A.B. asks: 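Below is one structure. I have some questions about it.
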Amino acid sequence: MKRAFTSILFSLILCVTISFMGCGNEFAKQEYNDDEKIVQIADRYAKSNSVFNAIEGGYSLTASRFDGRETLWEKTLEDNAEIEIQIDLNITSGNAKVVFIDSNNDITVLIERLQNNLNELTTTKMVSLTNGLNRLKIVGYDCEVIDLKILFDEPHVDSNN
């Protein structure tokens, strides 16, 4: 009787573990285009072998695997400002984008790499920072071998506002 109970318990634990492994990134797929989830202050992600560093003029992120959404940078301003941002994004597979979220929770996609585009992407954008909290996030699913660099210049305060 004790052996049967142990076998049943072990089988249940194994089934639950396997079911969690099979849908580990499902949340990231469902939330990839969900603006309400993306603008949330709380991040939700799963990643492996990740290193996020401050580098001269910006930040770099490398990861062997990434699913979800993670804040890479945030700045609270008292005045509106303009900033030039250069982004280099390279991943071997998956879907990923870097988005800018202003203080009104408006989202601007700065760069996006979709599964069917295997090229490294580089872009430079002028971004209008608004009074309040401004953020950059990476959003992705099924991402493997990410190499991301974000470089900034100093914000230029808009003296007209």
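FYI, side chains are in, hydrogens and waters are out, and symmetry mates aren't considered; it's all heavy atoms of this structure. Everything numeric here is computed off the predicted structure, so don't read it as measured data.
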A.B. asks: Within 45° of the ring axis of Tyr45 and under 6.0 Å from its six-membered ring centre, is that where the NZ or CZ of Arg69 lies?
C.D. replies: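 No.
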
A.B. asks: The criterion is side chain to side chain donor-acceptor pair (under 3.5 Å); which residues satisfy it with Ser50, sequence neighbours excluded?
C.D. replies: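 If we apply the side chain to side chain donor-acceptor pair (under 3.5 Å) test to Ser50, skipping adjacent residues, the hits are Lys47.
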
A.B. asks: Are Arg135 and Lys137 packed together at the side-chain level, in the sense that at least one heavy-atom pair is separated by less than 4.5 angstrom?
C.D. replies: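 Yes. Closest side-chain heavy atoms under 4.5 Å.
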
A.B. asks: Are any of the side-chain heavy atoms of Ile107 and Val39 separated by less than 4.5 Å?
C.D. replies: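 Result yes, sub-4.5 Å side-chain heavy-atom pair found.
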
A.B. asks: Do you see a donor-acceptor pair shorter than 3.5 Å between the side chains of Thr92 and Glu144?
C.D. replies: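 Result is no, nothing qualifies.
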
A.B. asks: Are Asn90 and Leu121 close enough that some pair of their side-chain heavy atoms sits under 4.5 Å apart?
C.D. replies: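 No, their side chains stay 4.5 Å or more apart.
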
A.B. asks: Of all the heavy-atom pairs spanning Leu148 and Ile87, show the shortest one and how long it is.
C.D. replies: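 Minimum heavy-atom separation between Leu148 and Ile87: CD1-CG2, 3.6 Å.
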
A.B. asks: Between Lys97 and Asn33, do the side chains contain an N or O donor and an N or O acceptor separated by less than 3.5 Å?
C.D. replies: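 Asn33 and Lys97 do have a side-chain donor-acceptor pair below 3.5 Å.
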
A.B. asks: Is there a side-chain contact between Leu72 and Phe52 (heavy atoms, below 4.5 Å)?
C.D. replies: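 Touching, per the 4.5 Å side-chain cut-off.
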
A.B. asks: Would you kindly say whether Asn95 and Tyr141 are connected by a side-chain donor-acceptor distance under 3.5 Å?
C.D. replies: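 The criterion, which ignores hydrogens and geometry beyond distance, is satisfied for Tyr141 and Asn95.
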
A.B. asks: If I compare all heavy atoms of Ile91 with all of Ala96, which pair ends up nearest, and what's the gap?
C.D. replies: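 That would be CD1-CB, 3.9 Å.
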
A.B. asks: Quick check: do Asp153 and Ile83 have side-chain heavy atoms less than 4.5 Å from each other?
C.D. replies: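 Counting from C-beta outward, Asp153 and Ile83 do come under 4.5 Å.
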
A.B. asks: Answer yes or no: is there a side-chain heavy-atom contact under 4.5 Å between Val127 and Thr108?
C.D. replies: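 They are not in contact (no side-chain heavy atoms under 4.5 Å apart), so the answer is no.
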
A.B. asks: Among side-chain atoms of Thr130 and Asn80, is any donor-acceptor pair under 3.5 angstrom?
C.D. replies: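 Absent: no donor and acceptor within the cut-off.
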
A.B. asks: Establish, from distance only, whether the side-chain atoms of Ser64 and Asn49 form a donor-acceptor pair under 3.5 Å.
C.D. replies: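 Side-chain D/A pair, Ser64 to Asn49: present.
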
A.B. asks: Is Lys75 positioned over the aromatic face of Phe152, cation under 6.0 angstrom from the ring centre and no more than 45 degrees off axis?
C.D. replies: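 Cation-pi check for Lys75 and Phe152: fails.
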
A.B. asks: Using only heavy-atom distances, determine whether the side chains of Thr62 and Asp147 contain a donor-acceptor pair under 3.5 Å.
C.D. replies: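 No, Asp147 and Thr62 have no side-chain donor paired with an acceptor closer than 3.5 Å.
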
A.B. asks: When you compare the side chain of Asn134 with that of Ile101, does any pair of heavy atoms fall below 4.5 Å?
C.D. replies: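 No; the side chains remain at least 4.5 Å from each other.
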
A.B. asks: With side chains defined as the heavy atoms from C-beta onward, is the minimum distance between Trp73 and Ile150 less than 4.5 Å?
C.D. replies: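 No, every pair of side-chain atoms sits at 4.5 Å or beyond.
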
